[in-house]
Amino acid sequence: MNNNILIQIPDIHIGNEISSYLKDRGVSKAKLARDLGMDSAYLGRLLSKKSLETKTLISICNALNHNFFILWCPDIQSNDLISAPVEAPDCIGKIIDLRLREIKMSQIDFASRGGIPRSDYARVTKKTTFDTDKLAQISRILGKNLFNEYFLNKKQVIDNELDGESLLIKR
């Protein structure tokens, strides 16, 4: 197993980034809250947070027609991707599980590095949404930028080289 997989994932305060985006474009938080169908006080609390659930961030991205996931992906330069609709991968947890097998990292090692009780590992591999800070931490552990998954708005086949099966991830 390669224990020295290192990738750089920026440390982002997503609430500040969204607030700056709104201010730069003259969009009020009240308007965004209306577009999202939520109370503006609740949106204000969300935007004070450093990290958001990916499901919530996807809703904000689509309401503003701007993919904020690009902040965690310094290698992506395409303006086409920034304004394209954002879809969640069907199961980001399954992608994590495949990556663990690919790099031959044990569940115990992953759980200890990620601060996840080993008993929760099965739940992690079934998750469809993560807190953005947790997703950044997992990306660093696995040596794979999982935020890239939020730019793939088409069907993709991920080959599982261990057993020759393919997992179809629908976008």
Side-chain angles (χ1 to χ4, degrees), residues 4-100 102-103 110 113-116 124-125 127-156 158 169-171:
N4 297 318
I5 302 170
L6 295 175
I7 62 168
Q8 295 294 326
I9 304 289
D11 188 28
I12 305 293
H13 188 298
I14 192 59
N16 287 348
E17 295 291 339
I18 295 167
S19 294
S20 292
Y21 181 88
L22 292 172
K23 184 178 178 185
D24 291 348
R25 282 153 186 81
V27 178
S28 71
K29 291 178 185 177
K31 180 186 179 330
L32 177 58
R34 279 191 306 275
D35 291 348
L36 293 169
M38 67 175 59
D39 181 73
S40 59
Y42 177 69
L43 178 65
R45 286 191 301 276
L46 283 178
L47 296 182
S48 70
K49 294 182 176 185
K50 179 183 184 299
S51 184
L52 293 175
E53 284 291 316
T54 54
K55 179 179 179 181
T56 302
L57 184 54
I58 288 168
S59 296
I60 292 170
C61 289
N62 289 330
L64 295 172
N65 196 33
H66 181 83
N67 192 331
F68 289 97
F69 289 94
I70 201 153
L71 296 170
W72 288 277
C73 304
D75 297 338
I76 294 179
Q77 302 297 320
S78 175
N79 287 333
D80 294 338
L81 294 174
I82 294 172
S83 61
V86 181
E87 296 178 33
D90 281 348
C91 186
I92 192 75
K94 198 50 103 174
I95 295 167
I96 291 168
D97 187 48
L98 287 171
R99 177 65 177 164
L100 280 170
E102 179 183 324
I103 63 174
F110 173 72
R113 290 179 186 208
I116 302 165
V124 168
T125 61
K127 287 187 84 161
T128 58
T129 187
F130 276 91
D131 178 84
T132 53
D133 275 354
K134 190 63 156 178
L135 192 60
Q137 178 188 16
I138 292 170
S139 292
R140 289 181 193 106
I141 292 167
L142 298 180
K144 177 179 180 153
N145 190 335
L146 297 169
F147 291 95
N148 288 327
E149 299 297 322
Y150 294 87
F151 293 100
L152 304 173
N153 295 323
K154 58 185 179 230
K155 291 184 181 183
Q156 223 187 21
I158 297 175
I169 306 282
K170 294 179 184 172
R171 306 280 187 215

Below 4.5 Å, heavy atoms only, C-beta onward: do [X] and [Y] meet side chain to side chain?
{"X": "I116", "Y": "K134", "result": "yes"}
{"X": "I96", "Y": "R99", "result": "no"}
{"X": "K94", "Y": "P89", "result": "no"}
{"X": "N67", "Y": "S83", "result": "no"}
{"X": "K144", "Y": "E149", "result": "yes"}
{"X": "N145", "Y": "C73", "result": "yes"}
{"X": "N62", "Y": "I60", "result": "no"}
{"X": "F69", "Y": "I58", "result": "yes"}

Quick one: ring pair (Phe, Tyr, Trp, His ring centres under 6.0 Å) pairs with a partner in residues 14-33, sequence neighbours left out?
Y21-H66, Y21-F68

For the residue pair D131 and S51, confirm or rule out a side-chain donor-acceptor distance under 3.5 Å.
yes

For K29, look at atom NZ and say whether over 12 heavy atoms of other residues, nucleotides or ligands are found less than 6.0 Å away.
no

Any chance you could lay out the side chain to side chain contact (heavy atoms under 4.5 Å, CB included) test for I9 and I7, step after step, and finish with the verdict?
CA-CA 6 Å; I9 304 289; I7 62 168; 3.7 Å; yes

Got a sec, which pairs hit salt bridge (charged side-chain N to carboxylate O under 4.0 Å, His left out) with one end in residues 35-48, sequence neighbours left out?
K31-D35

Point-to-point distance, once rounded to the nearest 0.5 Å, from [atom1] of [X] to [atom2] of [Y]:
{"X": "D75", "Y": "F147", "atom1": "CG", "atom2": "CZ", "result": "14.0 Å"}
{"X": "M38", "Y": "T56", "atom1": "CE", "atom2": "OG1", "result": "6.5 Å"}
{"X": "S28", "Y": "K23", "atom1": "OG", "atom2": "NZ", "result": "14.0 Å"}
{"X": "I82", "Y": "I70", "atom1": "CD1", "atom2": "CD1", "result": "4.0 Å"}

Mind listing the closest non-hydrogen atom pair of L46 and L52 along with its distance?
O-CD2, 3.6 Å

Using every non-hydrogen atom in the two residues, find where A30 and S40 come nearest and quote the distance to one decimal.
CA-CB, 4.2 Å

T129 and side-chain contact (heavy atoms from CB on, under 4.5 Å): which partner among L57, L135, I92, T54?
T54

As a quick check of understanding, evaluate side chain to side chain contact (heavy atoms under 4.5 Å, CB included) for D11 and W72, giving each step before the final call.
CA-CA 8 Å; D11 188 28; W72 288 277; over 6 Å; no

Donor-acceptor pair, D97 side chain versus T125 backbone, under 3.5 Å?
no

Check side-chain contact (heavy atoms from CB on, under 4.5 Å) between S59 and all other residues, then give those that pass, not counting sequence neighbours.
L36

Evaluate the criterion side chain to side chain contact (heavy atoms under 4.5 Å, CB included) for residue pair K49 and I14; output intermediate values, then yes/no.
CA-CA 7 Å; K49 294 182 176 185; I14 192 59; over 6 Å; no

Before giving the answer on side chain to side chain contact (heavy atoms under 4.5 Å, CB included), spell out for N16 and K50 the whole-Å C-alpha distance, their side-chain angles and the decisive distance to 0.1 Å.
CA-CA 7 Å; N16 287 348; K50 179 183 184 299; over 6 Å; no

